[in-house]
Amino acid sequence: MTTFLAGGTGTPKLLAGGREVFDPADTTVVANTGDDVELGGLLVCPDVDTVLFEAGGVLDRETWWGIADDTSTTHDYLTDLSEAAGIEAGPRYLSDDRQTAGRDLARWRRFSAASEFMFIGDRDRAVHILRTSLLDEGNSLTEVTRTLADAFGVTEDVVPMSDDPVATIVHTPDGPTHFQAFWVAEGGEPTVEDVEFRGAERPAPSDAALDALLDGPVIIGPSNPVTSIGPMLALDGVREALQETTVIAVSPFVEDEVFSGPAAELMAAVGYEPSTAGVADAYPFADAFVLDGADDTSLDRPVVRTDTEMSDDADAKRVARACKRALQRASAEVA
Ligand code: GDP
């Protein structure tokens with residue numbers, strides 16, 4: 001069994017091209033849920049869904065979120081109605097007292113769908129309706145995710161990192177805001193002063209995630225160390241489990257150049273150097289790393305180098321092979 005830790009872009013890209021290297025029937029994907037939101041009463045799990053949609057062959061691979069060729073009827077009509085009603089533009093993050101007034105799982109991630117600030121396609125929305133309905137019937141997010149995986153014909157075992165609420169809150173000079181408001185509505189523009197994971201008192205990994213981590217080996221794909229992997233590391237017992245297991249990580253940087261997204265700013269905000277060296281500091285439990293051929297960072301642990309840019313599945317397959325070599329190196333070191 002091999003376990004991958006996934007956000008919504010870096011690791012899913014790796015998984016997409018890695019199926020000939022890591023047998024999907026022997027693969028568990030632990031997906032970040034810190035980015036989740038409740039939008040108009042529906043629980044949206046962007047990272048879980050990117051993994052499910054990719055493995056199910058329906059992902060929009062231009063954006064790496066949403067369903068390919070989805071329609072926009074509901075979103076457009078919601079927008080028209082909101083405008084006609086004179087409702088101000090979103091994001092409409094609910095007030096503090098409303099954040100804790102609904103489902104436990106939705107704490108600190110509740111947005112109104114009035115002037116819906118995220119684009120949700122019609123088919124995509126059907127997934128969120130089904131997920132939320134199954135949760136309301138009393139199933140855990142782990143169970144619901146497995147049901148959705150069955151619906152999409154997914155072979156990998158895809159599990160949420162936790163069945164507890166964990167909301168990624170970004171602190172900016174204007175105050176705290178949910179990560180999705182910061183990223184989707186504000187394009188990551190505000191200065192980030194800190195990142196907080198808010199929700200359950202002592203959020204725990206889901207049983208399935210913890211079992212997979214302990215079972216190992218674990219591959220941390222090139223996902224954002226702060227907002228995609230960080231929420232997992234904040235769960236009770238996850239760091240300890242990773243310490244016990246063989247772990248390798250693929251850098252989302254080439255030295256101090258990030259491939260995409262806000263990883264550099266977020267790492268600086270939480271006190272890590274925004275670079276491959278900073279990633280290594282953030283992952284003290286990692287036994288080996290996969291770095292880009294042009295990345296000369298010298299680390300205190302074994303390194304396998306390859307071209308880590310993944311423009312297509314052939315690139316991802318090359319990176320997956322490098323992961324396999326890194327696992328061999330890591331196991332050899334331990335032995
Ligand atoms: P998010 O949930 O959409 O933020 O996605 P992730 O956290 O899973 O992935 C974002 C990270 O993926 C960014 O920090 C990028 O630098 C990294 N990334 C994107 N494309 C590539 C690529 O082709 N190669 C590598 N090594 N990293 C990549």
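Along the sequence shown, residues are numbered consecutively beginning with 1. What you see below is based on every heavy atom in this structure, not just the backbone, and it leaves out hydrogens, waters and symmetry mates. For ligands, and for the atoms within them, numbers begin at 1 and follow the listed sequence.
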Which ligand 1 atoms does [X] reach within 4.0 Å, using its non-hydrogen atoms?
X	value
S260	13 (C), 14 (O), 15 (C), 16 (O), 19 (C)
D47	2 (O)
V258	14 (O), 16 (O)

(request) Kindly say whether the aromatic ring centers of F4 and F22 come within a distance under 6.0 Å. (result) yes
If you measure from the Lys or Arg side-chain nitrogens to the Asp or Glu carboxylate oxygens, is any gap between [X] and [Y] under 4.0 Å?
X	Y	answer
E116	R92	no
R305	D292	no
R103	D136	yes

(message) Using modelled atom types and a 3.5 Å cut-off, is there a donor and acceptor pairing between side-chain atoms of D315 and backbone atoms of S311?
(response) yes
Among [options], which one puts a heavy atom closest to [atom]?
atom	options	value
atom 2 (O) of ligand 1	G8, A31, A263	G8
atom 4 (O) of ligand 1	S228, P12, G221	S228
atom 11 (C) of ligand 1	G10, G7, P222	P222

Do [X] and [Y] pair up side chain to side chain, a donor and an acceptor below 3.5 Å, judged on atom types alone?
X	Y	answer
R125	H128	no
D256	S275	no
T172	D174	no

(message) To check your reading of the model: name the closest protein heavy atom to atom 24 (N) of ligand 1, its residue, and the distance in Å.
(response)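 For this ligand atom, the closest protein heavy atom is T308 O, 2.8 Å.
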(message) For the 3.5 Å polar cut-off, considering only N or O atoms, please tell me whether M310 and ligand 1 meet it.
(response) yes
(request) Return a yes/no value for V250: is any of its N or O atoms, backbone included, closer than 3.5 angstrom to an N or O of ligand 1? (result) no
(request) Give the contacting part of N32 toward ligand 1: side chain, backbone, both or neither, where contact means a heavy-atom distance below 4.0 Å. (result) neither
(message) In this structure, does ligand 1 have an atom that sits under 4.0 Å from one of the heavy atoms of S251?
(response) yes
(message) Can you tell me if G261 contacts ligand 1 (heavy atom of the residue under 4.0 Å from the ligand)?
(response)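 Outside the 4.0 Å threshold, so no.
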